[in-house]
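What follows is a short report on a single structure.
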Amino acid sequence: MAVEIKELTPGFVGEVSGVDLTKALTPDEAATIEDGMDRLAVLVFHDQHITDEQQLAFSLNFGKLERPDKKSNITQAKDRRLSEDMADISNLDKDNNLHGRSDRQRLFNLGNRLWHSDSSFRATPSKFSLLSGRIVPATGGNTEFADMRQAYDALDDAMKAEIEDMICEHSLLHSRGSLGFDDDLTEAEKQGFAPVRQSLVRIQPNTGRKSLYLSAHAGKILGMPTPEGRMVLRELNEHATARQFVYAHEWRAGDLVMWDNRQTMHRARPFNDTKDVRDMRRTTIAGEAMTAVQADAEAA
Ligand code: OGA
Ligand code: MN
């Protein structure tokens, strides 16, 4: 069985066949997939009915795991449904009951419906995310992906020059604040969500391609008055999420989608989340480098 990648969206999204994720990959298979990720940025695998252990084993072909922690969520260890290696992207609590409408975790998770790049709020942000659809709703709940390389390429030269060296501050305080959730955060949570710095333009190390590094977590451009910086970010987000840069994934149970957070943004689309179960589990591959010098490094 040879791994094959068929392009669903030219240069951006590929559908992978000829691989069984319940089994260990050969080095060749892993290399084909990693090359596909560099060349495209989103890969879709169908009919992969995997366990958490199999998802973790497959993920480890692409680097070290990034674990969900206080920096990334409000869930306390005692309330976790899944192991500490997996991000719970479902609408279920630890007893597998649906979150109620006013449930804090539900309201926090609504932030996934904003265009973002995973863990851009970490000083070293993630490389890949792998999302496995275990139970999917009959309607709604697509995931959309936007190609930040094509979005960058489509900017005019003046804009490219203007943003070339810009640095942004990213924090969950900004993304959740934009939904009005910040009132509901404790002091300890707020401290955990302290902002980090990210370059607005980043370069994919293996291909040398530039991309716009945008995310709902970005709330400030250094050296610019906050409202002006936010307007620049809004304009860029509007440009970068225009339909020609977007692929919408319609989930089937057993799909696994993996994406490169360095070159894409994504968002969840609405569904009837207080009635229908959507059980999605994410493993995340840690990034290898910061995109900008951090404030504490400057002060030191
Ligand atoms: C994620 C995420 C979107 C979705 O897993 O990081 O943002 O559609 N998921 O659930
Ligand atoms: Mn996400």
Side-chain angles (χ1 to χ4, degrees), residues 13 41-45 50 52 55-56 58-59 62 65-69 71-75 80-83 85-92 98-99 105-122 125-148 170-172 174-176 178-179 181 193 198 213-218 237 240-241 246-274 276-287:
V13 181
V42 179
L43 293 179
V44 174
F45 302 73
I50 51 175
D52 290 357
Q55 182 173 345
L56 285 165
F58 173 62
S59 303
F62 310 105
L65 291 179
E66 180 192 283
R67 293 203 163 86
D69 62 9
K71 180 89 196 160
S72 59
N73 211 301
I74 55 167
T75 325
R80 290 190 60 82
R81 187 176 68 104
L82 305 177
S83 90
D85 290 324
M86 309 197 85
D88 193 350
I89 313 296
S90 76
N91 53 346
L92 301 171
L98 287 167
H99 289 139
Q105 189 66 57
R106 169 178 185 257
L107 300 177
F108 185 85
N109 291 350
L110 285 177
N112 278 340
R113 297 190 192 176
L114 302 168
W115 282 109
H116 66 282
S117 174
D118 289 335
S119 65
S120 74
F121 46 78
R122 289 179 194 270
S126 66
K127 179 185 171 193
F128 297 161
S129 291
L130 299 92
L131 189 62
S132 161
R134 307 292 174 86
I135 302 174
V136 304
T139 49
N142 289 354
T143 307
E144 293 183 342
F145 296 90
D147 187 344
M148 294 297 106
H170 291 235
S171 165
L172 279 161
H174 181 67
S175 50
R176 271 36 183 197
S178 76
L179 295 179
F181 188 82
F193 297 161
Q198 306 291 2
Y213 193 35
L214 295 169
S215 188
H217 311 305
N237 272 294
T241 57
V246 172
Y247 160 78
H249 185 70
E250 291 178 31
W251 290 92
R252 301 199 309 234
D255 284 351
L256 180 133
V257 181
M258 100 188 245
W259 63 88
D260 186 340
N261 284 305
R262 301 166 303 181
Q263 318 195 77
T264 62
M265 278 204 290
H266 61 280
R267 65 170 175 178
R269 301 300 287 143
F271 70 107
N272 200 346
D273 74 287
T274 54
D276 297 340
V277 173
R278 185 173 187 262
D279 185 352
M280 316 289 281
R281 302 176 185 204
R282 193 185 84 205
T283 37
T284 316
I285 305 302

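Order of listing sets the numbers, starting from 1, for every ligand and every atom in it. What you see below is based on every heavy atom in this structure, not just the backbone, and it leaves out hydrogens, waters and symmetry mates.
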- Task: Quick one: sort the F58 and F45 rings into parallel, tilted or perpendicular, breaks at 30° and 60°.
- Result: perpendicular
Identify whether the distance between the nearest side-chain nitrogen and carboxylate oxygen of [X] and [Y] falls below 4.0 Å.
| X | Y | value |
| --- | --- | --- |
| R282 | D85 | no |
| D118 | R262 | no |
| R281 | D52 | yes |

- Any idea which N/O/S atom from D118 gets closest to the Mn ion (ligand 2)? OD1
- Query: Vertex the Mn ion (ligand 2): angle to NE2 of H266 and NE2 of H116, to 10°?
  - Reply: 90°
- Message: Between ligand 1 and H116, is the shortest N or O to N or O distance under 3.5 Å?
- Response: yes
- Task: Return a yes/no value for W251: is any of its N or O atoms, backbone included, closer than 3.5 angstrom to an N or O of ligand 1?
- Result: no
- D118 heavy atoms, cut-off 4.0 Å: which ligand 1 atoms fall inside? 6 (O)
- Note on the structure: Atoms of ligand 1 under 4.0 Å from any heavy atom of L131, numbered from 1 in the order shown, are 5 (O), 9 (N)
- Query: So, E144 side chain and R269 main chain: donor-acceptor pair closer than 3.5 Å or not?
  - Reply: no
- Task: Mark yes or no for whether K127, through its side chain, and F62, through its backbone, hold a donor-acceptor pair below 3.5 Å.
- Result: yes
- Item | Selection from R267, H266, R281, R269 by shortest heavy-atom distance to atom 2 (C) of ligand 1 | H266
- Message: Any atom of ligand 1 sitting under 4.0 Å from a heavy atom of R278?
- Response: yes
- Message: With a 4.0 Å cut-off on heavy atoms, is R282 in contact with ligand 1?
- Response: yes
- Task: Starting from atom 8 (O) of ligand 1, find the nearest protein heavy-atom neighbour and note its residue, name and distance.
- Result: T143 OG1, 2.6 Å
- Considering only protein heavy atoms, which is closest to atom 4 (C) of ligand 1, and at what distance to one decimal place? A268 CB, 3.3 Å
- Query: Under the ring pair (Phe, Tyr, Trp, His ring centres under 6.0 Å) criterion, do W115 and H266 qualify, and how do the steps go?
  - Reply: CA-CA 5 Å; W115 282 109; H266 61 280; 8.2 Å; no
- Separation of S132 OG from Q55 CD (nearest 0.5 Å): 4.5 Å
